[in-house]
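Note that this is a predicted model, so its numbers are computed, not measured. Proteins get letters first, then strands, A, B, ... in listed order; numbering begins at 1 in each. Reckoned from all heavy atoms, side chains included, excluding hydrogens, waters and symmetry mates.
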Amino acid sequence: MKKTILITCLVALLAAAPAMAQVDLSNYVALGDSLTAGFVSGALMDFYQDRSYPAILATQAGAAGFEQPLVSEPGFPPILELVHLVPVPVILPVGLIPGAPVNAALPRPYNNLGVPGANLFDMIFTTGDINNLLAGNTDNVMHDLILRDGIHTALEQAIGMQPTFITVGIGNNDELGAVLAATPIDGVTMTPVDQFAFLYNNAIGALVTNTSADIVLMNLPYSTTIPFATTVPPFVDIPGLGLTPLMGTKGLLTPNSRVTLLAGGLIAQGYGLPGGPPLPEDLNFLTGEPGYVLRPEEIDIIDDRVDAFNEIIAEVAATYGLPVFDTNEFIAEIVAGEAPSYGGVVIDGSFLLGGFFSYDGIHAQRIGYAMLANALVQFINAEYGSNIPQVNMAEMLYEGDWQTPGISPAAAKDVVLSREAFEEVYNLFAPKLGNAPRIRRPQSDRSDLPTVDLRRKPRSTP
Amino acid sequence: MIVKNHRHSLLVAVALLVMPSLTWGSGFALFEVGNRTMGMAGAMTAVADDPSALFWNPAGMAFQTDEGIQLMFGTILIMPEQTFTGSAPYPGEGYTAEQIEQTFFPVHFFVGIPVNDRLEVSFSFFSPFGLGTEWDDDFLGNSISKKSDLFVFDLGVSMAYQLSERFAFGIGVDYMIAEIELSQNINLINPFNQRLTEVADARLKSDGINSAWAWNAGLLWKIGSGFSLGAVYRSEFSITGEGYGAFNQIPTGYPEFDAVLGTVFPFDGDVPIEATIDFPDFWTIGLSWQNEKLTLSGQYGVMGWSTYQELPIIFPENPEFSTAIPENYEDAAQYRIGGEYRASQHWAIQLGYLFDETGQPVESMSPLLGDGDRTSYTVGLSYFTDRFRLDLGYEYLKTEGRSTGGNSLDGFDGFYEGKAQLAGATFTIKF
């Protein structure tokens with residue numbers, strides 16, 4: 001039955017596909033992770049999903065029927081909000097009861113197949129069952145919500161859609177765990193380079209071989225430059241002592257060390273301060289407690305891993321003749337405050353006031369995703385000679401958030417990112433201890449699937 | 001922990017404040033120094049037969065020694081209009097705005113005093129640069145500019161000497177005084193609703209006398225058979241001015257955000273600034289022909305906007321904010337033709353046409369000035385006696401519409417189009 005529905009929908013979609021010049025986004029599928037899903041402030045919520053970069057891109061291209069796994073307010077998990085700015089910023093989940101799926105009955109795969117928390121391995125091999133989620137099990141919540149059928153992976157669903165256009169923005173979670181846990185460990189918090197190379201090559205090869213879509217690959221930003229890792233300084237200003245380096249479990253922090261956002265709560269309790277316990281620097285394998293300090297050499301290790309992944313993405317793109325959108329440079333400009341201004345206003349990567357990142361310090365908020373979408377529009381137009389209109393950033397800048405202008409009162413706590421807020425995010429993106437990704441071949445007993453050919457097949461130049 | 005952000009926001013805010021300075025002086029040259037002159041589209045370098053020669057060619061004063069002491073004064077009302085049509089990404093397709101209508105009335109004042117039949121000493125006062133723009137409060141470019149006023153006053157003294165019956169030269173020095181006032185909003189992302197929000201009104205104002213010296217020189221050669229050849233050069237000058245920035249807080253409705261902003265911006269005081277503005281030089285050559293009834297004149301000139309390559313801004317008390325903003329203007333040519341028909345012993349009419357290229361690159365077009373090549377049609381009417389003269393002039397100026405083409409330095413892209421009407425009266429009295 002599912003197969004019939006899927007085929008019917010695909011036929012209908014293909015028949016309805018309007019003829020578009022140069023590039024055809026009439027059946028656009030976005031593969032990726034939380035950035036692709038439109039994850040904002042620790043939540044997947046319809047208000048922001050409608051402003052995800054794939055959704056905006058589809059809108060700008062005039063592509064109707066771009067479907068997403070929408071979740072009602074206040075999102076899943078409940079979205080974070082800024083409750084107080086002074087005396088110190090307090091960020092908390094907006095409530096305890098999450099939103100619910102509102103588009104789960106769609107009888108075909110979603111166009112936006114970005115799965116928060118998914119790494120490259122997940123995109124190829126992990127499935128999800130909506131019935132598992134509806135039964136109250138949250139062990140695989142994002143895959144259950146988005147992939148639903150319990151059979152097909154994101155990659156397989158994308159191929160099944162026979163899209164005209166695909167963006168692939170995957171790999172962030174193959175190294176983000178090293179930043180969240182402040183501990184780069186090959187095979188645990190970071191996917192080994194050779195494994196990434198093998199998986200990425202085969203995943204893109206499968207898309208090229210099994211679809212006729214125009215495919216844009218997106219490389220990866222440095223996760224060490226997001227507010228989660230750059231907001232809290234490695235020192236404190238103590239009256240009478242002046243700027244005093246924090247003490248970590250490996251010694252005093254150097255000025256070029258980075259302290260993660262969650263450490264604010266511990267510092268407030270005395271961790272890292274003179275006379276207090278040292279700030280835990282690395283992931284505790286026994287308790288799962290993350291580390292809070294990235295030493296310069298650790299930053300280099302993580303950045304080097306991103307460089308290695310991006311080299312692989314570039315090589316695979318060259319193999320198949322695909323264009324690569326430079327997400328790395330895009331984010332670097334934002335973080336450096338060098339992004340194009342809007343009417344003299346520069347959106348940058350500063351936490352809370354910069355305008356790009358959301359309250360979780362990891363993901364963009366709607367303005368950031370709109371900027372990314374607009375950069376993609378410009379890239380696609382340049383690459384394919386198309387004329388997709390640019391995004392109206394004035395609407396995005398002045399729109400406000402999902403609950404504008406109100407904020408709900410809550411008890412103030414002396415941390416930047418509350419423990420509750422952090423755990424909500426960390427649970428989704430934390431490295432899976434003892435469960436490092438393994439390479440598996442797709443199961444061969446799925447006769448209802450389109451054949452996934454993992455052999456390399458160079459693609460003719462678009 | 002948020003201190004870093006505060007500091008960054010202050011940097012952003014200050015950067016925003018100085019950015020409008022980008023276009024000071026750009027295309028702000030004023031050539032309206034007399035209504036007869038305006039009626040002939042300023043094609044006066046090879047004519048220079050009234051006291052407005054002090055602007056167009058000081059050598060012309062040497063041929064006016066037999067006129068006695070001349071006093072010329074008047075004003076020209078300038079009524080500019082400008083429309084803006086937005087494009088994506090900001091402020092977006094379909095967005096339109098119009099400047100608030102304003103009227104400016106720069107005055108001109110000239111005195112010519114003959115020393116003997118070959119030498120004349122003159123004094124002048126006029127505005128060679130100036131403009132004002134103002135947009136509505138809800139203008140989406142209000143963080144670039146809400147209101148701006150710039151005036152440069154030229155206090156000049158000249159000497160003209162007739163070397164022969166046909167040839168004269170003139171030289172002069174100019175004491176330039178600049179007055180500038182700019183206001184804009186400071187808009188920041190409100191962290192509570194992640195919305196771009198107006199947090200302050202900032203006003204940048206020159207303080208005291210900000211001045212510089214300049215010079216000018218001209219030649220006038222009466223070739224014969226009614227033909228004259230003239231040339232003039234007016235030097236560039238650079239004004240380094242002092243001023244202050246004043247900040248007025250705009251409540252956001254979020255008291256905690258307002259409180260934080262209160263610790264960042266000097267709402268209770270002013271921030272001293274210094275800015276250096278390079279004004280362009282100007283040269284022109286002209287050829288005229290005249291007989292008893294008719295004068296015809298044409299000229300070519302170049303405004304040396306290429307001197308305006310960057311704008312250094314200095315914050316004496318916050319040197320980390322000091323910067324030099326690239327401008328990259330280019331020299332711009334102008335073409336003027338004009339004529340006068342003296343219908344009787346008391347009446348004359350003037351007609352003229354001019355084409356004035358802009359020196360402003362498209363990336364510098366902004367709400368302060370969205371310039372383009374200018375075309376003007378002019379007409380004038382004069383009544384005169386032996387000792388008195390009244391000149392009435394009118395000019396219709398059209399600025400060719402231009403798009404920023406997605407290259408706006410301010411991130412404010414769209415299509416600018418403007419026009420202006422100018423009209424005025426000038427009196428001349430001879431003693």
Side-chain angles (χ1 to χ4, degrees), chain A residues 40-41 60 81-89 227 230-233 236-237 261 264 267 337 339-348 350-356 358-359 365-367 370-371 374 377-378 389-407 416, chain B residues 1-9 11-12 15-17 19-20 22 86-95 139-145 184-197 252-261 263-264 366-367 406-413:
Chain A
V40 169
S41 295
Q60 295 305 113
E81 65 175 350
L82 177 66
V83 180
H84 287 288
L85 191 61
V86 290
V88 292
T230 58
T231 302
V232 180
V236 289
D237 191 358
L261 206 51
I267 296 169
S341 72
Y342 301 112
V345 175
V346 177
I347 301 298
D348 69 28
S350 301
F351 192 46
L352 298 180
L353 298 176
F356 187 86
S358 66
Y359 297 137
Q365 59 124 328
R366 67 183 201 295
I367 293 173
M371 292 171 71
N374 198 50
V377 166
Q378 293 173 308
Q390 292 194 55
V391 179
N392 185 332
M393 287 304 299
E395 291 179 0
M396 291 294 173
L397 288 164
Y398 288 102
E399 180 184 40
D401 71 356
W402 68 283
Q403 56 179 354
T404 301
I407 54 169
V416 169
Chain B
M1 263 172 262
I2 202 168
V3 170
K4 179 184 165 207
N5 288 319
H6 287 180
R7 192 174 183 80
H8 184 78
S9 298
L11 177 61
V12 170
L16 292 176
L17 181 65
M19 282 185 73
L22 280 171
S87 61
Y90 189 92
E93 301 287 347
Y95 176 77
F139 178 51
L140 286 182
N142 65 15
S143 62
I144 302 169
S145 175
Q184 66 181 104
N185 278 355
I186 292 179
N187 298 342
L188 296 176
I189 297 294
N190 180 340
F192 283 104
N193 60 14
Q194 297 171 322
R195 179 183 192 274
L196 190 58
T197 304
T252 63
Y254 292 81
E256 292 188 5
F257 186 38
D258 292 343
V260 168
L261 293 168
T263 66
V264 175
S366 82
N407 299 308
S408 165
L409 288 172
D410 299 317
F412 193 75
D413 284 300

Does any part of the side chain of [Y], heavy atoms only, come nearer than 4.5 Å to the side chain of [X], both counted from C-beta?
X	Y	result
A:Asn392	B:Tyr95	no
B:Arg195	A:Glu399	no
A:Val345	B:Leu196	yes
A:Val391	B:Pro89	no
B:Phe257	A:Leu82	no

Could you state the interatomic distance from [atom1] ([X]) to [atom2] ([Y]), rounded to the nearest 0.5 Å?
X	Y	atom1	atom2	value
B:Asn193	A:Tyr398	CG	OH	12.5 Å
B:Ile144	A:Ser341	CD1	OG	7.0 Å
A:Leu353	B:Leu188	CG	CG	7.5 Å

If every non-hydrogen atom of A:Ala394 is compared with every non-hydrogen atom of B:Pro91, which pair is closest and at what distance?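 Heavy-atom minimum between the residues: CB-O, 3.3 Å.
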
Top contributor to chain B interface from A:Met371, A:Met393, A:Met396 [non-hydrogen pairs under 4.5 Å]: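 Among A:Met371, A:Met393, A:Met396, the one with the most close pairs to chain B is A:Met393.
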
Using a 4.5 angstrom heavy-atom cutoff, name the option from B:Pro191, B:Gly94, B:Gly141 with the most pairs to chain A.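 The answer is B:Pro191.
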
What residue in B:Gly406, B:Gly92, B:Ala88, B:Gly86 has the most heavy-atom pairs under 4.5 Å with chain A?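 Of the candidates given, the most pairs with chain A belong to B:Ala88.
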
Verdict with supporting geometry, A:Leu85 and B:Tyr254, side-chain contact (heavy atoms from CB on, under 4.5 Å): CA-CA 10 Å; A:Leu85 191 61; B:Tyr254 292 81; over 6 Å; no

According to ring pair (Phe, Tyr, Trp, His ring centres under 6.0 Å), who are the partners of B:Phe139, at least two apart in sequence or on a separate chain?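 Testing B:Phe139 for ring pair (Phe, Tyr, Trp, His ring centres under 6.0 Å), a comparison that skips the adjacent residues, returns B:Trp135, B:Phe412.
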
With a 4.5 angstrom heavy-atom cut-off, is it the side chain or the backbone of A:Val86 that approaches chain B, or both, or neither?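 For A:Val86, the contact with chain B is made by backbone and side chain together.
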
Is there a side-chain contact (heavy atoms from CB on, under 4.5 Å) between B:Phe192 and A:Glu81 once you walk through the steps? CA-CA 8 Å; B:Phe192 283 104; A:Glu81 65 175 350; over 6 Å; no

Run the side-chain contact (heavy atoms from CB on, under 4.5 Å) check on A:Leu397 and B:Tyr90 step by step: do they pass? CA-CA 10 Å; A:Leu397 288 164; B:Tyr90 189 92; 3.7 Å; yes

